[in-house]
Amino acid sequence: SVNKGSVHIEANWIWSGIGVLMYSSVVGILYPAILLPYPTNYYNDLQTKTLIITLFSSGLLAIFLYLIIAVSKMTSRKEV
C-alpha cells in the first residue's frame with residue numbers, strides 16, 4: 001500500500017486578508033457612506049469625487065493584488 005500522507009492546509013494569509021478586507025470596507029463603503037447625509041451641493045466638487053473614486057479603486061487594487069499573491073504562493077511548488 002502507498003502512504004500518501006495527510007493534507008495540511010496552512011492559514012498563513014488569513015490576517016493579511018482580513019486587513020485587506022477591512023481597508024476595502026473603509027475606503028469603499030464606510031467613507032462614501034459618511035458623505036451621504038450631506039446636501040447634494042455640499043460635496044459636489046471634483047476633488048471629493050476624485051478622492052472617493054481613487055480610494056475605491058485602491059481598495060479594488062488591494063483585493064486583486066492580495067488574491068494574485070496568495071494564489072501564486074499557494075500554487076507554487078515547494079521542493080522537498
Side-chain angles (χ1 to χ4, degrees):
S1 92
V2 178
N3 184 4
K4 294 185 179 182
S6 64
V7 176
H8 181 68
I9 299 173
E10 295 182 14
N12 292 337
W13 288 83
I14 195 79
W15 292 112
S16 57
I18 291 172
V20 167
L21 287 176
M22 288 176 56
Y23 172 75
S24 298
S25 298
V26 169
V27 300
I29 299 170
L30 186 63
Y31 184 69
I34 289 172
L35 300 178
L36 285 178
Y38 290 100
T40 306
N41 296 329
Y42 194 75
Y43 281 119
N44 201 16
D45 60 339
L46 183 62
Q47 292 173 341
T48 305
K49 289 178 183 179
T50 305
L51 176 67
I52 291 173
I53 291 172
T54 303
L55 289 174
F56 182 76
S57 300
S58 73
L60 287 177
L61 182 67
I63 289 172
F64 284 120
L65 283 177
Y66 167 78
L67 288 174
I68 290 169
I69 293 170
V71 168
S72 69
K73 294 267 186 184
M74 290 188 323
T75 58
S76 66
R77 294 184 179 206
K78 294 181 181 179
E79 298 293 328
V80 179

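Here the structure is a predicted model, which is why all the values come from computation and not from measurement.
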Shortest non-hydrogen separation from Ser24 to Gly59 and the atoms involved: OG-O, 3.2 Å
Non-hydrogen atoms of Ala62 and Tyr23 that approach each other most closely: CB-CD2, 4.3 Å
Path from Leu67 to Val20 over hydrophobic side-chain contacts below 4.5 Å: yes
Non-hydrogen atoms of Thr50 and Thr54 that approach each other most closely: O-OG1, 2.6 Å
Path from Ile14 to Met22 over hydrophobic side-chain contacts below 4.5 Å: yes
Gap between atom CD1 of Ile68 and atom CD1 of Ile63 - 0.5 Å precision: 12.0 Å
Rounded distance [0.5 Å steps], CD1 in Ile29 versus CZ in Phe56: 8.5 Å
Same cluster (ILVMFWY, side-chain, under 4.5 Å), Ile52 and Val27: yes
Rounded distance (nearest 0.5 Å) linking atom CD1 of Ile53 with atom OG of Ser58: 12.0 Å
